[in-house]
Amino acid sequence: MAKSKEIFICQNCGAASPKWQGQCPACAEWNTLAAEAQRSGRPGDKGVRGARSRPTSSLAAESIDAPARIGTGFVELDRVLGGGLVAGSVTLLGGDPGIGKSTLMLQAAAALTAAGTVLYATGEESLQQVALRGRRLGIGDAAARLIAETCVEEIVAAASTVCARILIVDSIQTMYSERVESAPGAVAQLRECAAVLVRHAKTSGTAVLLVGHVTKDGQIAGPRVLEHMVDTVLYFESDTGSRFRVLRSVKNRFGAANEIGVFAMAEIGLREVTNPSAIFLSRHAQAVSGSVITVLREGTRSLLIEVQVLADHNAGGNPRRVAVGIDGNRLTMLLAVAHRHGGLELGGQDVFANVVGGVRIADTAADLAFVLAARSSLRDAPVPASLIAFGELGLAGEIRPVPFGEERLREAAKHGFTTAVVPQANVPKRPPEGMLVRGVTRLDQALDAP
Ligand code: TYD
Ligand code: MG
């Protein structure tokens with residue numbers, strides 16, 4: 001007989017503790033420990049006595065054929081997955097409520113039926129609601145099987161009955177396992193449900209997709225505790241009010257992490273955006289001051305992005321530094337380097353930096369563009385609209401090379417840019433046709449360039 005035992009689980013990080021404490025010893029959050037009864041023993045657990053020694057394998061003996069990929073009907077989703085779904089893999093799709101996770105899964109489900117039986121388990125909507133949405137999306141006649149169920153054991157049984165090759169669970173927060181007594185959504189439930197589904201994926205070869213909601217405060221407490229259990233973690237992100245959605249892989253055992261796919265939410269579901277540079281680039285009829293185009297690298301893809309800086313005279317008090325889309329500390333650092341090594345007098349100025357299109361920049365290659373934009377705004381001198389700039393800025397005012405210089409230049413040339421200011425080491429032997437590439441090693445040189 002399984003025995004009930006009370007343990008305390010942190011609802012933020014998932015750490016377990018034998019007694020209640022006000023502060024989680026693992027993540028130091030306050031008041032996050034909740035009592036959860038957990039029965040000991042796992043299904044199929046034989047205990048030490050019952051365990052049999054299993055034959056072992058070796059690195060050389062295992063077959064290492066590339067896993068077969070199952071197309072999802074979306075080139076963008078396939079790319080983020082590393083070429084398509086892998087049989088027996090578990091993928092977690094996280095994102096804010098209402099961002100379009102169910103829509104993406106339903107549209108993918110329709111396409112995936114070409115590869116085998118798809119079971120879509122919904123714990124949030126009724127079968128009618130899902131069917132209605134399917135009809136609206138124009139995939140009402142797809143052969144995907146539906147089940148409205150919140151018990152994972154039932155879902156696994158149903159998946160086995162219909163021999164599902166692909167199982168979609170929407171969402172993991174609504175699921176419960178019979179073996180855990182806490183409420184759905186609690187960390188112990190999340191982990192147990194995920195564990196049951198992971199076991200099913202690994203033993204049956206079913207590709208499992210889990211949908212997970214991000215919690216209100218933007219912390220991904222729920223899905224985050226599952227990240228280590230699954231093979232692939234994708235997050236669906238968007239700027240508030242924007243119809244564009246960016247799907248990003250933050251972990252992928254079968255492909256590159258940090259790959260992105262871009263979608264647009266339309267009247268009839270999600271559409272792929274195959275040329276994202278075009279949407280993030282707002283072309284001005286004339287060059288405007290404070291705006292510079294740079295080239296980001298996201299996974300295997302180069303993306304043209306416009307960065308803007310507004311420097312405005314500060315009437316009194318501390319000058320303000322406002323950063324949208326770039327880390328505030330990085331902006332402050334760039335402005336300090338621009339002052340010290342580029343002679344930009346930004347001390348008495350309020351500085352506002354923005355990345356167009358709601359994109360968040362983590363790539364240091366955008367450094368140079370921010371400084372050029374700051375100078376352009378300060379001097380009210382527009383940078384030519386045909387110019388792009390990228391390069392990392394060091395504290396000594398040096399411009400450091402960035403990876404994938406040639407690919408970035410090619411993307412810019414493809415979109416009609418004719419001048420590039422880049423780190424000297426990124427200047428290719430043969431620049432793209434029709435493009436003048438200027439290599440710079442120091443900030444003062446770069447500021448002379450445009
Ligand atoms: P949904 O997939 O239900 O989000 P999630 O599962 O991530 O919570 O998406 C719901 C939103 O998408 C809703 O606000 C309406 C919008 N939407 C469209 O604009 N067009 C469509 O065709 C569909 C199905 C949804
Ligand atoms: Mg949903």
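Numbering of ligands and ligand atoms starts at 1, following listing order. In this chain, residues are counted from 1 in sequence order. The structure presented is a predicted model; accordingly, all values stated were derived computationally and were not measured.
- Under the 4.0 Å criterion applied to side-chain N and carboxylate O atoms, D231 and K251 are not assigned as salt-bridge partners.
- Of the polar atoms of P97, none of the N or O atoms is found under 3.5 Å from an N or O of ligand 1, judged by distance alone.
- In the vicinity of S102, heavy-atom distances shorter than 4.0 Å reach the ligand 1 atoms 2 (O), 5 (P), 6 (O).
- With 3.5 Å as the limit, one finds no donor-acceptor pair spanning the side chains of R408 and S302.
- Of all protein heavy atoms, the one lying nearest to atom 2 (O) of ligand 1 is T103 OG1, 2.6 Å.
- Heavy-atom proximity to G269, at under 4.0 Å, picks out these atoms of ligand 1: 20 (N), 21 (C), 22 (O).
- Among the atoms of S102, an N, O or S atom falls under 2.8 Å from the Mg ion (ligand 2).
- Counted by atom type alone, S291 and E306 present one or more donor-acceptor pairs between their side chains at under 3.5 Å.
- The existence of a salt bridge linking K414 and E411 is confirmed by a sub-4.0 Å separation between a basic side-chain nitrogen and an acidic carboxylate oxygen.
- The residues R248 and E298 are annotated as salt-bridged, a charged nitrogen and a carboxylate oxygen being separated by less than 4.0 angstrom.
- Atoms of ligand 1 lying under 4.0 Å from any heavy atom of L137, numbered from 1 in the order shown and given with element: 22 (O), 24 (C).
- At least one heavy atom of G98 sits closer than 4.0 Å to an atom of ligand 1.
- Side-chain contact check for E153 and S177: at least one donor-acceptor pair (N or O, by modelled atom type) lies under 3.5 Å.
- No donor-acceptor distance shorter than 3.5 angstrom exists from the side chain of Q23 to the backbone of E29, with no hydrogens or angles considered.
- Of the heavy atoms in E267, only backbone atoms (N, CA, C, O) come closer than 4.0 Å to ligand 1.
- A donor-acceptor contact closer than 3.5 angstrom links the side chains of R133 and T103.
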Item to complete: Give the C-alpha distance, both sets of side-chain angles, the deciding distance and a yes or no for side chain to side chain donor-acceptor pair (under 3.5 Å) between E124 and S171.
Response: CA-CA 7 Å; E124 304 202 328; S171 66; 2.8 Å; yes

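- Side chains of D170 and T122: no donor on one and acceptor on the other come within 3.5 Å.
- If you check which protein heavy atom lies closest to atom 12 (O) of ligand 1, you get M265 CE, 3.2 Å.
- Under a 4.0 angstrom heavy-atom cut-off, A266 registers as being in contact with ligand 1.
- The protein reaches atom 24 (C) of ligand 1 closely, with a heavy atom under 4.0 angstrom from it.
- Under a 4.0 Å heavy-atom criterion, L104 is not in contact with ligand 1.
- Considering backbone and side-chain atoms alike, H213 places every N or O at 3.5 Å or more from each N or O of ligand 1.
- Ligand-side atoms of ligand 1 in range of D96: 7 (O), range being under 4.0 angstrom from any heavy atom.
- Annotation for ligand 1: atoms under 4.0 Å from non-hydrogen atoms of G100 are 1 (P), 2 (O), 4 (O), 5 (P), 7 (O), 9 (O).
- Inclusion of D170 in the set of residues having an N or O under 3.5 Å from an N or O of ligand 1 is not warranted.
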